[in-house]
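Per chain, numbering begins at 1; letters A, B, ... match sequence-line order.
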Amino acid sequence: MTKKQRALKAIEALKELYPVAHCSLDTTGALQLLIATRLSAQCTDARVNQVTPVLFRKFPTLQSFVEADIKDIEDIIRSCGLYKTKAKDIKNMCIDIAQKYGGQVPDTMEDLTSLPGVGRKTANLVLGEVFGKPAVVADTHCIRLSGRIGLTTVTKDAYKVEKELRAILPPEESNDFCHRLVYHGRAVCTARSPKCDQCTLADICISCGKV
DNA sequence: ATCCCGAGGG
DNA sequence: CCCTCTGGAT
C-alpha cells in the first residue's frame, strides 16, 4: 500500500469515528484564535479555554493589547506556562497587526509567520480555520500519528512532516484530517501507550502493536 | 519522569 | 539538528 493509499484510508476511517472536526480552542474571530493558539504551546486546550475568557474581557480589542502592560498579560496567562515569552509575543504580534496590517489579521502564510510568536503551526491553523484555506497543521499529535501510521518518513522536523503530508493529502481533506489526528492522538494513539487493540486504523497502520 | 495542538535562537 | 522557555497533568 502506498502512502497516499494509506492516507486515503485513514481519512475515511477517522471521518467515520470523528464526524465533527473542529479546533477545540474556544474563540471568536481571527485575533482570538491567533492568541489562543500561541497560548496552547506546551499546554492543554482546556487550560487555554480557562484563561482566554479572562484575557479577552480585560483586553477586548486589538488596540487594548497594543497598549497593554506586559505584566497584566503575564498575570492572566501564567498558568499556561512559558508565560513570559507568550505575553511578549501576544503584545508584539498585536502591535505588528495594528501597524503593518491595518488592524486586520493577515491571511497568507508569509504575513502570518512574519508576526512575532507565529510559526507555521499557528499560521496553518488560522489559515484553515478562519480563512478556509487548505492547511496542514503539523503539531505534536499530527507528527506522532503520521509517523506511526506510515504516512511520513521523517519524525522530528515539523516542516518536513508538513511537506510530506501536503504531497499525499487531498487539499480539501487536509484541514479536517489534521484535526481528527489530534482527536485520535488524545483518545487512542496517545504518546506513551497507544491503545492499538481498540484502534480503527489497526489494519492499515504499520506500527500497530509495535509501539 | 514525561508529555501537553510551539516558537525562536544557537 | 539541539536547547530553552514554564506550569500543569498523569
Can you check the [X] [atom1] to [N] [atom2] distance for me, whole Å?
X        : N     : atom1 : atom2 : answer
A:Tyr159 : B:dA7 : OH    : P     : 14 Å
A:Lys88  : C:dC5 : NZ    : C1'   : 10 Å
A:Lys156 : B:dG6 : NZ    : P     : 18 Å
A:Ile77  : C:dT6 : CD1   : C1'   : 11 Å
A:Leu82  : C:dG7 : CG    : C1'   : 8 Å
A:Asp139 : B:dG6 : CG    : P     : 6 Å
A:Asn49  : B:dC5 : CG    : C1'   : 12 Å
A:Ile73  : C:dT6 : CD1   : C1'   : 17 Å

[X] side chain to [Y] backbone, donor-acceptor under 3.5 Å:
X        : Y        : value
A:Ser146 : A:Cys142 : yes
A:Arg38  : A:Asp89  : no
A:Arg6   : A:Ile204 : yes

Nearest to side-chain heavy atoms of [X], which nucleotide of [options]:
X        : options             : answer
A:Arg144 : C:dC2, C:dT6, B:dC4 : B:dC4
A:Thr140 : C:dG8, B:dG6, C:dC1 : B:dG6
A:Arg47  : B:dC3, B:dG6, C:dG8 : C:dG8
A:Ser79  : C:dC5, C:dC1, C:dG7 : C:dG7
A:Tyr83  : C:dT6, C:dC1, B:dC4 : C:dT6

**Item:** Geometric class of the A:His184/A:Tyr18 ring pair [parallel <30°, tilted 30-60°, perpendicular >60°]
**Value:**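 Rings of A:Tyr18 and A:His184: perpendicular, over 60°.
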- Contacts to DNA chain C from residues 26-45 of chain A, heavy-atom cutoff under 4.0 Å, which residues?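 Contacting residues: A:Gln42, A:Cys43.
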**Asked** Using 4.0 Å as the upper bound for N to carboxylate O, is an ion pair formed by A:Arg186 and A:Asp45?
**Response**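 Result for this pair is yes, salt bridge flagged.
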Worksheet entry | Carboxylate-amine/guanidinium contact A:Lys160 A:Glu164, below 4.0 Å |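 Looking at A:Glu164 together with A:Lys160, the answer is no, because their closest N to O distance does not fall below 4.0 Å.
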Q.
Students often get this wrong, so: under 4.0 angstrom with heavy atoms, is A:Cys23 touching a base, only sugar-phosphate, or nothing?
A.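 Here A:Cys23 touches the bases of the nucleic acid.
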Q. What nucleic acid atoms does A:Lys86 come within less than 4.0 Å of, heavy atoms only: base, sugar-phosphate, or nothing?
A.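 If one applies the 4.0 Å heavy-atom cut-off, A:Lys86 turns out to touch nothing in the nucleic acid.
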If you apply the rule side-chain contact (heavy atoms from CB on, under 4.5 Å), what do you find for A:Ile73 with A:Phe59, and how did you get there?
CA-CA 9 Å; A:Ile73 301 179; A:Phe59 303 103; 3.9 Å; yes
Checklist entry - For C:dC1, does OP1 or OP2 lie under 4.0 Å from any side-chain N or O of A:Lys160? => result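 Checking C:dC1 against A:Lys160, a side-chain N or O does come within under 4.0 Å of OP1 or OP2.
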(message) Looking at C:dT10, I'd like to know if its phosphate oxygens (OP1 or OP2) sit under 4.0 Å from a side-chain N or O belonging to A:Arg192.
(response)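 Answer is no, no contact under 4.0 Å.
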Pick the [atom1] atom in [N] and in [M], then give their distance to the nearest Å.
N     : M     : atom1 : result
C:dC5 : B:dC3 : C1'   : 16 Å
C:dC1 : B:dC5 : C1'   : 23 Å
B:dT2 : C:dT6 : C1'   : 15 Å

So does A:Lys121 reach the base of B:dC5 with its side chain, donor to acceptor, closer than 3.5 Å?
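Indeed there is one.
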How many angstroms lie between atom [atom1] of [X] and atom [atom2] of [Y], to the nearest 0.5 angstrom?
X        : Y        : atom1 : atom2 : result
A:Asp107 : A:Leu112 : CG    : CG    : 7.5 Å
A:Thr37  : A:Gln32  : OG1   : CD    : 11.0 Å
A:Ile143 : A:Leu151 : CD1   : CG    : 13.0 Å
A:Thr52  : A:Asp26  : OG1   : CG    : 6.0 Å

Considering only nitrogen or oxygen atoms on both sides, find all protein atoms under 3.5 Å from nucleotides 8-10 of chain B and state each distance.
unit_1 : atom_1 : unit_2   : atom_2 : d
B:dG8  : OP1    : A:Gly117 : N      : 2.6

